[in-house]
Amino acid sequence: MIREQLIDALGVAAGNAGVDPLPATIELERPAHRDHGDWSSNVALATSKTVGKNPRALAADIVAELERELPAHVESIEIAGPGFINFRLADTWLHEVLESVLDAQPQTFGRSATGDGTHVNIEFVSANPNKPLHAGHARGAIYGDAVARLLEATGHHVTREFYLNDRGVQMTLFADSLAARKRGETVPEGGYQGDYLVDWAAEMPDDADPLEWGYERAVISHKTTLGRLRIVHDVWFSERTLVADGQVEEALQQLRDREMAFDNDGATWLRSTEFGDDKDRVLIKGDGDYTYLLPDIAYHRDKYSRADKLINVWGADHHGYVTRMKAGVGALGHDPADLEIIITQLVDLLRDGEEVRMSGRLGDMVALDDVVDDIGADATRFTFLSQSMDTRQTVDLGALAEKSMDNPVFYVQYAHARIHSLRARAAQAGHVATDAASRELALLTHEREIEMMRVLSEYPDVVALAARERAPHKVITWLRQLAAAFHGFYHDCHVMGDDIDTALTLARLALIEGARVGLVAGLDLVGVSAPEAM
RNA sequence: GCCCUCGUAGCUCAGGGGAUAGAGCAUUGGCCUCCGGAGCCAUGUGCGCAGGUUCGAAUCCUGCCGAGGGCGCCA
């Protein structure tokens with residue numbers, strides 16, 4: 001790849017110019033402005049102090065070394081600003097990029113093996129199995145799945161996991177509420193109010209055990225809703241079985257053996273202050289019941305035995321548990337660094353500008369199914385992935401439901417549909433796809449064509465960065481760029497026509513095929529479909 | 001009080017050490033004899049404030065201001 005070639009050449013040149021030692025990494029980036037060339041390096045700026053020269057003078061020395069034998073594709077090298085070294089390349093480097101895109105096809109374009117088969121377990125959603133998922137679950141659900149896709153695309157072995165809190169008081173309360181509905185009564189004090197229970201009660205056979213039947217029904221509900229969003233968990237892990245298998249007691253014993261658990265005031269405590277927590281935490285309450293923490297520790301103990309690295313996706317309202325969870329696994333002797341807890345900021349849900357309440361009884365909430373009904377899986381996924389998880393997100397369901405231009409997913413999908421339409425027309429006109437040897441990509445020199453290839457060239461870096469930073473929104477941003485580049489090309493450069501030379505038509509068909517590969521690959525990475533017609 | 005995240009254009013958000021800070025929506029005005037107008041082009045005195053680190057800060061550090069979330073023998 002051109003990037004590595006230039007970095008290598010820079011390293012050699014800098015060494016010959018007296019830079020010693022060479023920096024750990026030589027930075028090479030794409031300048032924001034086209035006037036600054038195709039690639040730019042700051043080595044001279046970064047190392048001038050150690051060499052004892054002013055940056056521009058050092059840059060001149062390095063450039064002189066580089067000019068002894070220009071690296072492939074390089075047309076000229078300039079020194080600019082305070083001492084940047086700017087490379088101006090011939091378009092041939094982009095033709096080479098396009099060739100590699102066509103070669104890769106959507107199945108492999110942008111993918112890498114950097115994860116080296118590391119087994120990552122990512123746990124997300126994990127909503128209680130006693131009521132349907134609501135809109136507030138959307139962000140974490142879609143995000144978790146997108147991160148899983150990114151990790152898979154970068155050579156990790158991924159397990160998607162859902163933890164079921166299927167024991168405890170809330171399950172009993174749920175069963176009681178369901179049974180009451182079945183009898184046509186109002187739910188008990190503090191019970192589950194939602195209308196869904198009326199429907200579930202109607203479905204429930206008379207002789208069914210409300211707890212077991214309701215639990216199963218809720219899990220089906222979760223799976224169905226998630227399935228509509230193309231989210232499929234590999235493992236549904238039951239807290240109940242964890243207790244039944246004796247794993248909770250084993251974990252507790254392990255903590256005791258390591259002197260990380262102690263008894264005080266009639267309760268059993270975790271020595272979490274050993275791991276930076278501001279106080280120790282209760283594992284077993286005075287009444288003998290576990291707190292949520294102990295089964296959670298046992299659960300993570302089990303996960304550590306099944307994967308190299310753990311990721312938990314939690315909402316912002318759980319951020320206070322990060323320290324004690326890490327303390328818990330640390331107390332077991334595991335490396336807390338292998339447990340990555342990602343906090344997603346909350347979502348403000350609006351409907352036509354008006355706030356939709358996310359708290360309180362279910363009656364006030366919007367079911368996730370309703371969101372999918374209103375705006376579809378594609379728009380839902382695209383929207384919830386379009387911004388960083390570190391920022392609070394505002395989503396207006398009303399605006400999205402209109403399928404208006406407020407949602408760029410259509411802009412991206414439209415690009416794909418146009419390409420499909422072009423291909424069909426081309427086939428009709430008898431333009432057959434040509435092999436690498438006979439297509440003349442050198443004909444692609446229009447500004448719009450160049451721009452499209454430049455965007456395509458960035459995709460592998462985007463995927464790598466998005467995966468490393470757990471930031472699928474970077475893929476969304478890139479897709480919008482590619483779609484914009486394509487639409488601009490489509491407007492200014494006709495693929496077929498009386499005044500278009502056949503060779504150019506074939507070259508442009510190759511180019512839009514490259515765009516198609518990019519769109520399909522990118523959309524697949526975020527789990528959004530690439531429709532052939534809209 | 002302490003902890004976490006955020007503060008970028010009228011609105012929703014990208015950009016997370018580089019050289020002139022970008023997109024969508026909204027506004028205003030252009031572009032259909034021609035591959036799908038769900039499109040293209042033009043239109044903007046914006047990085048909360050103050051210090052610091054650096055050759056260079058929207059980006060890193062500190063403080064302040066503002067918004068949201070969290071600090072249970074609840075889950």
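Every chain is numbered from 1, with letters handed out A, B, ... down the list of sequences.
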> Does the side chain of A:Arg418 get closer than 4.0 angstrom to OP1 or OP2 of B:A38 through an N or O atom?
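Checking B:A38 against A:Arg418, no side-chain N or O comes under 4.0 Å of OP1 or OP2.
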
> Measure from the side-chain heavy atoms of A:Asn86 and tell me the nearest of B:U20, B:A19, B:C35.
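When the side chain of A:Asn86 is considered, B:A19 is the closest of B:U20, B:A19, B:C35.
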
> Any side-chain N or O of A:Arg448 under 4.0 Å from OP1/OP2 of B:C41?
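So the side-chain polar atoms of A:Arg448 do come within 4.0 Å of the phosphate oxygens OP1 or OP2 of B:C41, strictly under.
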
> Determine whether a donor-acceptor pair (one donor, one acceptor, N or O, separation below 3.5 Å) exists between the side chain of A:Asp317 and the base of B:G69.
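Between B:G69 and A:Asp317, which were checked side chain against base, a qualifying N/O pair under 3.5 Å is absent.
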
> Looking only at side-chain N and O atoms, does A:Glu161 offer a donor or acceptor that is under 3.5 Å from a partner on A:Tyr299?
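Note: A:Tyr299 and A:Glu161 side chains meet the donor-acceptor criterion.
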
> Roughly how many Å is it from CG in A:Asn128 to C1' in B:A75, rounded to a whole number?
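Going from CG in A:Asn128 over to C1' in B:A75 covers 7 Å.
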
> Ignoring the backbone of A:Lys474, work out which of B:A19, B:G72, B:G15 is nearest its side chain.
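That would be B:G15.
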
> Heavy-atom nearest nucleotide on RNA chain B for A:Ala483 versus A:Arg480: which residue maps closer to 5'?
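The residue whose closest nucleotide sits nearer the 5' end is A:Arg480.
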
> So if I take every side-chain heavy atom of A:Ala267 and compare against B:U20, B:A38, B:C73, which nucleotide ends up nearest?
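My answer, after comparing the listed nucleotides, is B:C73.
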
> Are side-chain N/O atoms of A:Asp378 and A:Ser529 paired as donor and acceptor at under 3.5 Å?
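Yes.
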
> Is the phosphate of B:A75 approached by A:Lys285 (side-chain N or O, under 4.0 Å from OP1 or OP2)?
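Checking B:A75 against A:Lys285, a side-chain N or O does come within under 4.0 Å of OP1 or OP2.
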
> What stems, by residue range, does RNA chain B take part in, given at least 3 consecutive Watson-Crick or G-U pairs under 3.5 Å?
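Only these stems qualify: B:1-7 with B:65-71, B:10-13 with B:22-25, B:28-31 with B:39-42, B:48-52 with B:60-64.
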
> Please say whether the positively charged group of A:Arg418, taken as NZ for Lys or CZ for Arg, lies over the ring of A:Tyr490, i.e. under 6.0 angstrom from the six-membered ring centre and within 45 degrees of the axis.
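Positive - A:Arg418 is close enough to the ring of A:Tyr490 and near enough to its axis.
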
> Any side-chain N or O of A:His33 under 4.0 Å from OP1/OP2 of B:G22?
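The answer is yes; a side-chain N or O of A:His33 sits under 4.0 Å from OP1 or OP2.
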
> If the P atom of B:U53 is compared with that of B:U62, how far apart are they to the nearest Å?
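Those two atoms are separated by 15 Å.
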
> Hey, what are the protein-to-nucleotides 2-6 of chain B N/O distances that come in under 3.5 Å?
from, atom 1, to, atom 2, distance (Å)
B:C4, O4', A:His319, NE2, 3.0
B:U5, O2', A:Asp390, O, 2.1

> Check the phosphate of B:A23 against A:Thr477, side-chain N and O only, distance under 4.0 Å to OP1 or OP2. Yes or no?
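Answer is no, no contact under 4.0 Å.
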
> B:A50 and B:G15: how far apart are their P atoms, nearest whole angstrom?
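Straight-line distance between the two P atoms is 25 Å.
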
> Where the side chain of A:His473 is defined as all heavy atoms beyond and including C-beta, which of B:G18, B:C73, B:A14 is the nearest nucleotide?
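For A:His473, the side-chain atoms sit closest to B:A14.
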
> Think A:Thr291 has a side-chain N or O under 4.0 angstrom from the OP1 or OP2 of B:C73?
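Negative; the distance criterion is not met.
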
> Would you say the side chains of A:Asp499 and A:His494 form a donor-acceptor pair under 3.5 Å?
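No, A:His494 and A:Asp499 have no side-chain donor paired with an acceptor closer than 3.5 Å.
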
> Any idea which of B:A19, B:G69, B:C35 is nearest the A:Leu422 side chain?
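Among the listed nucleotides, the one closest to the side chain of A:Leu422 is B:C35.
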
> Anything under 30° is parallel, anything over 60° is perpendicular, the rest tilted; go ahead and classify A:Tyr459 against A:Trp478.
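Plane angle between 30° and 60°, so tilted.
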
> Between the base of B:G39 and the ring of A:His491 - centre-to-centre under 5.5 Å, planes within under 30° - is that a stack?
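Ring-base stacking flag not set for A:His491 and B:G39.
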
> Picking from B:C35, B:G69, B:G39, which would you name as closest to the side chain of A:Tyr411?
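Looking only at side-chain atoms, A:Tyr411 lies closest to B:G39.
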
> So if I take every side-chain heavy atom of A:Leu346 and compare against B:U20, B:G18, B:G69, which nucleotide ends up nearest?
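In terms of side-chain proximity for A:Leu346, the closest of B:U20, B:G18, B:G69 is B:G69.
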
> Using a cut-off of less than 4.0 Å, is there contact between a side-chain N or O of A:Tyr321 and OP1 or OP2 of B:A75?
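Indeed not, no polar side-chain atom of A:Tyr321 lies that close.
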
> If you check every side-chain atom of A:Asp492, which of B:G24, B:C40, B:G69 has the closest atom?
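Looking only at side-chain atoms, A:Asp492 lies closest to B:C40.
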
